[in-house]
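Contents: one structure, followed by commentary.
What's counted below: heavy atoms across the whole structure, side chains too, no hydrogens, waters or symmetry copies.
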There are 2 protein chains.
Amino acid sequence: MRSGASLSWPPATTSTQGVLMSGIDEVARRAGVSTATVSRALSGRGYVSDATRLKVAEAAAELDYVVSSNASSLASGRTRNVGVVVPSLNHWFFASVIEGAESALLRQGYDLTLYNLTGGGDERKSVFDHFLLRQRVDAVIAIGLELTEEEVSSLHAMGKPLIGVGGPIAGVFSLIMDDVAVTRLATEHLLGLGHTRIAHIGGDKEFDLDFHLPTSRRSGYEAALRDAGVPLDEALFRPADFTLPGGYEAAKQLLGSPHNRPTAIVASSDEMAIGSILAARDLGLSVPQDVSVVGIDDHQLAAFFGLTTVAQFPRRQGEHAVEALMQLLEPAADAPQSADVPLPYELIVRSSTARAPQ
Amino acid sequence: MRSGASLSWPPATTSTQGVLMSGIDEVARRAGVSTATVSRALSGRGYVSDATRLKVAEAAAELDYVVSSNASSLASGRTRNVGVVVPSLNHWFFASVIEGAESALLRQGYDLTLYNLTGGGDERKSVFDHFLLRQRVDAVIAIGLELTEEEVSSLHAMGKPLIGVGGPIAGVFSLIMDDVAVTRLATEHLLGLGHTRIAHIGGDKEFDLDFHLPTSRRSGYEAALRDAGVPLDEALFRPADFTLPGGYEAAKQLLGSPHNRPTAIVASSDEMAIGSILAARDLGLSVPQDVSVVGIDDHQLAAFFGLTTVAQFPRRQGEHAVEALMQLLEPAADAPQSADVPLPYELIVRSSTARAPQ
DNA sequence: GTGAAAGCGCTAACAG
DNA sequence: CTGTTAGCGCTTTCAC
């Protein structure tokens, strides 16, 4: 159970602090300047001569000085920390957005504190009523979450920037994909290969409550068919829950239908698309000879399954959210780019799609 | 791109803080006591009469008072925040441990700040040299990471408790599975079904550098065979990288061998086991009639694939780590349980294993 | 049990 | 460009 170390800690001394914590005044003394100058030199805000800045930097390095973020935050009102709220961690999309945000924040010297709402209602309430309000974060990023007006306005009242990723939040700046266009592209790929009986596995109502993502994607699919003059067929739509097993079930139904079996499937997520591929196999149908499958995401397993998909680059979305935040948080920044560019997406053709049979 | 809200924030006023931030003195005034009493009443440390405590709680509630964690941390030296360092988020095991830790911490009123090292060497250095030292965390949990002596000792010097999960760290208290026993159990399950040509897909050297996990698992496999009097066969071992594609490749080699094809496979992870199942299918072999497969993890997809596996409950490991930490961080705690209990594991039999053929 | 007062370690005016 | 001087909002001795 343990690797030879005892649980008690610190080893022997019970000093509250570690031993070698040098403070700003030690650095000041060593560099022969005032603490104010040290602060300015190290933080970069305010005028300091290059010579002084160098001396200070040296002194700080020699002493292994690291600012106390608490003292700094208390004095300045800025924490250099952002809160990230997610519904769950065990999802490729959320995890990827967080990874992107985390590395972008790290680069800026910011910390990321994570609030995972998997637990349920109580957790959510305490996060918004308590945790996010204790002056520990400068801003919050909400991923794949629809916030209530109350939640938005309490953050709002604290003067904390809030940015949404993966779904629009009423009255809040959000990064969202053009879901209509994405699904249209996937569908057009299939139409271009000569398919006309194209099924769609979309999200079910439950998901729609949050973001209308299922609806948007479905309308992209329908628009593509309409433009191509292909009649819509209710029987070719199946709702599912975005997971692999869900996609499997839905595809089984679609592909098992005795009449007019679809020759292609557009799934609203790669996991559902992979489930569809497995369902086809279990029915003895081959992909892509008998049925073509296209997903949306470019999930880590997509390549392995040879899945044709529309990539949506979630890591980049996380980075993007951070960049947008920085424009608000760091007025000094040279505003490298507006946050107003559309999120990129891209059709990646692999081996799960081919010319329509016959 | 945006949902109707402009990027500028806060809406109009440029006040650095929000509007309605009540401080401890307002609470004190309203409750008719001193700020010191409010602090004691709300934090629970120090003597306060029940009557006073109640009055204070009411006043605080009415004012929506939330302590400023920075001010509190600066004054007390405790941050009520723990740092969690992981190699990556997009892994079932890591994400699950974090989820467990996060919810346990939330329950204790602690925040979790995340340090994801996916980026590479530089990132890691700055996390350990800078981020973890700025007095923002009371302790750190390292998941699936081998820390260098330096890294351990700098945390150590700060007096910060450190606990490892998913691998032992030299000289540091760690939660680890009994990997030998786990793999032995999986192998014995197969032996009990009459299999004797049992292959093992383990981790490759790269992973062994960190935790000797591959080696431990392999020796559990070998011990089980030895005890059953089954001779070892080098040809029945294949290293892989713990991923689904990796398991697929390895299983293809194993199951494609012209002579003495194994009738069963023990994989060191569920993803590799699932890869093995897919490989068997692609070779036209059926699972479990022709070949049995058992994994280790109880990954979220295990049930869908009918995979027999040894569950290792990573969420619980995260919670467990937090409990151990709390014993150090909160002396007042009634020490409910020693951290010294072994981590639980459990064989879950599904449909990927059956009696050996013939 | 409760209040008064002295900081926690840094930043931000303000002078110079 | 740099130093002086006040705090940031709490917690915590120490008296009472």
Side-chain angles (χ1 to χ4, degrees), chain A residues 15-18 20-29 31-56 59-60 63-81 109 133-136 138 158-159 331-332, chain B residues 15-18 20-29 31-56 59-60 63 65-81 109 133-136 138 158-159 332:
Chain A
S15 62
T16 309
Q17 296 290 1
L20 351 142
M21 278 297 301
S22 34
I24 199 176
D25 39 5
E26 297 181 51
V27 179
R29 208 174 311 131
V33 296
S34 72
T35 61
T37 299
V38 173
S39 174
R40 280 187 290 248
L42 260 28
S43 73
R45 65 188 83 250
Y47 297 106
V48 184
S49 75
D50 286 345
T52 308
R53 189 188 307 283
L54 209 66
K55 266 193 312 190
V56 172
L63 293 169
D64 284 325
Y65 171 73
V66 180
V67 298
S68 156
S69 59
N70 285 311
S72 171
S73 300
L74 183 56
S76 69
R78 297 156 57 272
T79 64
R80 306 208 123 225
N81 186 30
L133 302 183
R134 41 173 160 172
Q135 299 279 75
R136 185 165 275 171
D138 288 337
M158 298 280 304
Chain B
S15 60
T16 309
Q17 296 290 0
L20 348 143
M21 279 297 302
S22 33
I24 198 174
D25 39 5
E26 297 182 50
V27 179
R29 207 175 311 131
V33 296
S34 70
T35 61
T37 300
V38 172
S39 174
R40 280 188 290 249
L42 260 28
S43 72
R45 64 189 85 249
Y47 296 107
V48 184
S49 76
D50 286 346
T52 307
R53 189 187 307 283
L54 209 66
K55 267 193 311 191
V56 171
L63 293 169
Y65 172 71
V66 180
V67 299
S68 155
S69 59
N70 284 312
S72 171
S73 300
L74 183 56
S76 68
R78 297 155 57 271
T79 63
R80 306 207 122 227
N81 185 31
L133 301 182
R134 39 174 161 172
Q135 299 282 71
R136 185 166 272 172
D138 288 337
M158 298 280 304

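- You'll find that the side chain of A:R40 is closest to D:dG3, out of D:dG3, C:dT2, C:dT11.
- B:S43 comes within 4.0 angstrom of no nucleic acid atom, judged by non-hydrogen atoms across all strands.
- Under 3.5 Å, the side chains of A:T52 and A:S49 contain a donor-acceptor pair of N or O atoms.
- Atom CG of B:L42 and atom C1' of D:dT11 are 12 Å apart (whole Å).
- Looking only at side-chain heavy atoms (C-beta outward), B:V67 and B:I24 stay at 4.5 Å or farther from each other.
- One interatomic measurement links the two molecules: CG of B:D25 to P of D:dG7, which rounds to 14 Å at whole-angstrom precision.
- The closest side-chain heavy-atom distance from A:S34 to A:R29 is not below 4.5 Å.
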Test side chain to side chain contact (heavy atoms under 4.5 Å, CB included) on B:R40 and B:T37; report intermediate values, then the result. CA-CA 5 Å; B:R40 280 188 290 249; B:T37 300; 3.6 Å; yes

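- Scanning for side chain to side chain donor-acceptor pair (under 3.5 Å) contacts around A:T79 gives A:D138, with sequence neighbours left out.
- Candidate nucleotides C:dC8, C:dC10, C:dT2 were compared by shortest atom distance to the side chain of B:Y47, and C:dT2 ranks first.
- If you check every strand for non-hydrogen atoms under 4.0 Å, B:T52 touches sugar and phosphate atoms only.
- A:N70 places its CG atom 15 Å from the C1' atom of C:dG7, with the value rounded to the nearest Å.
- Taking only side-chain nitrogens and oxygens, B:Y65 never comes nearer than 4.0 Å to OP1 or OP2 of D:dG9.
- Within the 4.0 Å cut-off from OP1 or OP2 of D:dT11, at least one side-chain nitrogen or oxygen of B:S39 is found.
- Side chain of A:A75, nearest nucleotide from D:dG3, D:dG9, C:dC10: C:dC10.
- Put simply, B:T37 has a side-chain N or O that comes within less than 4.0 Å of OP1 or OP2 on C:dG3.
- The residue B:R45 sits close only to the backbone: its heavy atoms come under 4.0 Å of sugar-phosphate atoms, none of a base.
- Within the 4.0 angstrom heavy-atom criterion, only backbone atoms of the sugar-phosphate kind lie near A:S68; the bases stay farther away.
- In the set D:dT11, D:dG3, C:dC10, D:dT11 carries the atom at the smallest distance from any side-chain atom of B:S72.
- Taking atom CG on B:L74 and atom C1' on C:dC8, their separation rounds to 4 Å, with Å as the unit.
- Distances from the side chain of A:S49 to the nucleotides D:dT2, D:dC10, C:dC8 place D:dT2 closest.
- Judged as a side chain to side chain donor-acceptor pair (under 3.5 Å), and not counting sequence neighbours, A:S68 has no contacts.
- For the pair A:I24 CD1 and C:dA12 P, the computed distance is 11 Å after rounding to whole Å.
- The nearest whole Å value for the distance from the CZ atom in B:R136 to the C1' atom in C:dG9 is 14 Å.
- Backbone-only contact: B:V33 has heavy atoms under 4.0 Å from sugar-phosphate atoms and none from a base.
- Rounded to whole Å, the distance from CD on B:Q135 to C1' on C:dG9 is 10 Å.
- Protein atom CZ of B:R80 is 17 Å distant from nucleotide atom C1' of D:dG9, rounded to whole Å.
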